[in-house]
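Just so it is clear: chains get the letters A, B, ... in the order the sequence lines come, proteins before strands, and each one is counted from 1.
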Amino acid sequence: MLTIYNTLTRKKEDFVPINPNEVRMYVCGPTVYDYFHIGNARSFIMSDVLRRYLEYKGFNVKYIMNLTDIDDKIIKKANEEKISAKQVAEKYTAAFFEDLEKLKVRRASIHPKATEHIHEIIDFIEQLEKNGFAYNVNGNVFYDVAKFNEYGKLSGKKLDELDAGARVDVNEEKKNPLDFSLWKKAKEGEPFWDSPWGKGRPGWHIECSAMSCKHLGETFDIHAGGNDLIFPHHENEIAQSEAANKKKFVNYWIHFGFLNINNEKMSKSLGNFFTARDVLKLYSAESIRLLFSQTHYRGPLEFNDELLESAKRGLEKFDNLIDKLSLLPNPLPKGEGISPNFDFQSYYKNFEAAMDDDLNTPQAVAVLFDFVRDVNKTIAENENLPPEFYLNVKEFLSKTAQGVLGIIDLEKSDIQGGSIEKELIELLIHLRNDARKEKNFALSDKIRDGLNELGIELKDSKDGTTYKRAKK
RNA sequence: GGCGCUGUAGCCAAGUGGCCUAAGGCGGAAGUCUGCAAAACUUCUAUUCGUCGGUUCGACUCCGACCGGCGCCUCCA
């Protein structure tokens, strides 16, 4: 049974979806005004892991991630770059999908855009007006926080306390400083849409309520996002959706911890961030995903080169085993060998137990490392293993390490390939081994060192010489 | 000020009232292999869980105090 820590109840709960075999989940996506940073990537990756694990468990997952493609930051960027807001959004939307793909994050079922749901958003605001939760002041429409009794139930804040602590950003039009914009009146030169309240554009929070409702229904299973969205964003979504639909909005709220640099939150405003695409220039998606998987999703995650490097090194254990598998004859000889005493089921069981426990990926990763070690031992201790053994190893890694966590790529063995490059390397290895037979070590070492400089490492073993390419 | 999180080996990081004299990764050490090397593989690497008290037959795990770190309360994954 999968358990999930629910921010709403502050407890770990059994996960029971509304429909038995289906999970509907919504994750807050990016505002497309810039490249996203590696801290944002954590949310995308961990959401992806959650989605993959739900599928592993047999659920049919309907996964929505929105794109905020109209907003103050986009308009600001457009003015800076002297292009339209639409062009900014298009540019960074394309970049967003490119980066996701490089991170091996699977696309959501649908990535709805705010600007393509203006109609739904307007309907939603009208419903709020009708229910008495919204008020219009000169074309600006606000949500009346005081009308929603349960305001603060997600973040554990109380209205009066919030009021006291709220930083004064005086907006004369608001009844309460905590009221937030549902519809913003267009200023001169800003993009706008026609509405019952005049020309304007939607506020930030309303798009998620409108789009989740359209694509997932009034009540759905999981809503996820970064810790900093708890308040006010998710709190406001609840206020909007529950006030409009008069129904519970979301059953399970999941929030991801931050990425820290030197024990400090990575953020655009602090300037201590790396874009995902820059990190990807130096490290593979698998390295990044392993690093993220080695910390529980709710806790803070320390991020630096040394840790990325150690994740990359850790990955080599998997890669070496994958290389071993890829060197086996294809197809494997049938029915030969003695079955070792190797209990694959217990590894599946342990992996699932870890993941079921509020997505304890560090524990799950530990199970995978144990698995690799035990497989290596078994291979070393048994001369004549049956083909099923290797097939089972591959299947296990394929389902868990690759399928759920995405920390390995079974199709991409370094040893594989069919290019001329491969043939040249093999020719050099032959020449070198001839030199070694003649004890011409000066020449053989020269070849080895030369290849090394090109990023190709030779490995001599009993069964011959193999090579691998240096990796990210 | 309000609310919340957190302190485990050189670094990162799970975990639990007795199976913990504490997973896993990196780093370090030794061994196997090797012409040498690298790599690989194997083994070892915290008598101890921020400090001090308390509860308990028993705590690192529960409670209290103290010290330290972080976050939200404002756009933010």
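- Side chains of A/D72 and A/Y33: no donor on one and acceptor on the other come within 3.5 Å.
- Atom pair A/R10:CZ and B/rC72:C1' shows a separation of 11 Å (rounding to whole Å applied).
- Salt bridge status for A/K312 with A/D319: absent, with no side-chain N to carboxylate O gap under 4.0 Å.
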Below 3.5 Å is the cut-off: list the nitrogen or oxygen pairs between protein and nucleotides 9-14 of chain B, distance only.
from   : atom 1 : to     : atom 2 : distance (Å)
B/rA13 : O2'    : A/Q294 : O      : 3.3
B/rA14 : OP1    : A/H296 : N      : 2.9
B/rA14 : O3'    : A/N360 : ND2    : 3.2
B/rA14 : O2'    : A/N360 : ND2    : 3.4
B/rA14 : O2'    : A/Q363 : OE1    : 3.2

Could you go through residues 35-42 of chain A and list every donor-acceptor pair under 3.5 Å that involves a side-chain atom there, pairing it with any protein atom two or more places apart or in another chain?
from  : atom 1 : to     : atom 2 : distance (Å)
A/H37 : ND1    : A/G39  : N      : 2.9
A/H37 : ND1    : A/N40  : N      : 3.3
A/H37 : NE2    : A/N40  : OD1    : 3.4
A/R42 : NH1    : A/G257 : O      : 2.9
A/R42 : NH1    : A/F258 : O      : 3.1
A/R42 : NH1    : A/G299 : O      : 2.8
A/R42 : NH2    : A/H296 : O      : 2.9
A/R42 : NH2    : A/Y297 : O      : 3.4
A/R42 : NH2    : A/G299 : O      : 3.0

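- One can place CG of A/N433 at 14 Å from P of B/rU34, the figure rounded to the nearest angstrom.
- Contact annotation: side chain of A/R448 to base of B/rC36, donor-acceptor pair present below 3.5 Å.
- Using a 4.5 Å cut-off on side-chain heavy atoms (C-beta onward), A/D409 and A/Q402 make contact.
- The CG atom of A/L8 sits 19 Å away from the P atom of B/rC3 (whole-angstrom rounding).
- Nucleotides B/rG4 and B/rU43 are separated by 46 Å at their P atoms, to the nearest Å.
- Residue contacts shown for A/D445 include a base, since a base heavy atom lies under 4.0 Å away.
- Among the atoms of the strands shown, base atoms are found under 4.0 Å from some heavy atom of A/K157.
- Expressed to the nearest 0.5 Å, how far CD of A/Q294 lies from OG of A/S310 amounts to 6.5 Å.
- Nucleotides B/rG15 and B/rC62 place their P atoms 12 Å apart, quoted to the nearest Å.
- A/E235 places its CD atom 14 Å from the C1' atom of B/rG4, with the value rounded to the nearest Å.
- Note that NE2 of A/H255 is 9.5 Å distant from OG of A/S43, once rounded to the nearest 0.5 Å.
- Under 3.5 Å, the side chains of A/N376 and A/K324 contain a donor-acceptor pair of N or O atoms.
- Not less than 6.0 angstrom separates the ring centroid of A/H205 from the ring centroid of A/Y143.
- The residues A/R106 and A/D48 are annotated as not salt-bridged, no charged nitrogen and carboxylate oxygen being separated by less than 4.0 angstrom.
- A salt bridge does not link A/E173 with A/K185: every distance from a Lys NZ or Arg NE/NH1/NH2 to an Asp or Glu carboxylate oxygen is 4.0 Å or more.
- Atom OH of A/Y347 and atom P of B/rG24 are 12 Å apart (whole Å).
- Using modelled atom types and a 3.5 Å distance limit, the side chains of A/E207 and A/N66 yield a donor-acceptor pair.
- B/rC44 and B/rG28 make up a base pair, with Watson-Crick or G-U wobble contacts both under 3.5 Å.
- Nucleotides B/rU61 and B/rC49 are separated by 9 Å at their P atoms, to the nearest Å.
- Place A/V367 and A/N262 on RNA chain B by their nearest nucleotides, and A/V367 ends up nearer the 5' end.
- Using a 4.0 Å heavy-atom criterion, one finds that A/F369 contacts the sugar-phosphate atoms exclusively.
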For nucleotides 38-45 of chain B, which of its nitrogen or oxygen atoms have a protein nitrogen or oxygen under 3.5 Å away, and what is each distance?
from   : atom 1 : to     : atom 2 : distance (Å)
B/rA40 : OP1    : A/E316 : OE1    : 3.3
B/rU42 : OP1    : A/R373 : O      : 3.2
B/rU43 : OP1    : A/K377 : NZ     : 3.0

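- At a threshold of 4.0 angstrom between heavy atoms, the contacts of A/S444 include nucleobase atoms, whether or not backbone atoms are also involved.
- In this structure, the CG atom of A/D305 is 16 Å from the C1' atom of B/rG27, given to the nearest Å.
- Both the sub-6.0 Å distance and the 45° axial angle are not jointly satisfied by A/K399 relative to the ring of A/Y56.
- Taking atom P on both B/rG35 and B/rC26, the two are 28 Å apart, rounded to the nearest angstrom.
- At the heavy-atom level, A/G225 lies under 4.0 Å from the strands shown only through sugar-phosphate atoms.
- For the pair A/K265 and B/rC72, the criterion of a side-chain N or O lying under 4.0 Å from OP1 or OP2 is met.
- If you check every strand for non-hydrogen atoms under 4.0 Å, A/L259 touches a base.
- Across all strands shown, B/rC72 pairs with B/rG2; the Watson-Crick or G-U wobble distances both stay below 3.5 Å.
- Stacking between A/F258 and B/rA77 is absent: the ring centroid is not both under 5.5 Å from the six-membered base ring centre and under 30° in plane angle.
- Counting to the nearest Å, the P atom of B/rA37 and the CZ atom of A/R432 are 13 Å from each other.
- Taking atom CG on A/N176 and atom C1' on B/rU74, their separation rounds to 15 Å, with Å as the unit.
- Spacing of C1' atoms, B/rC70 relative to B/rG28, comes out at 31 Å, to the nearest Å.
- To the nearest whole angstrom, the two C1' atoms, one in B/rG69 and one in B/rU8, are 15 Å apart.
- Going from the C1' atom of B/rU55 to that of B/rC12 covers 34 Å, rounded to whole Å.
- The P atoms of B/rA13 and B/rG2 are separated by 29 Å, rounded to the nearest whole Å.
- Pairing of B/rC19, defined by two Watson-Crick or G-U wobble distances under 3.5 Å, is not identified with any nucleotide.
- Under the Watson-Crick and G-U wobble criteria, each requiring two contacts below 3.5 Å, nucleotide B/rA14 is left unpaired.
- Across all strands shown, B/rU51 forms a Watson-Crick or G-U wobble pair with B/rA65, both key distances being under 3.5 Å.
- No contact: A/M46 has no heavy atom under 4.0 Å from any strand.
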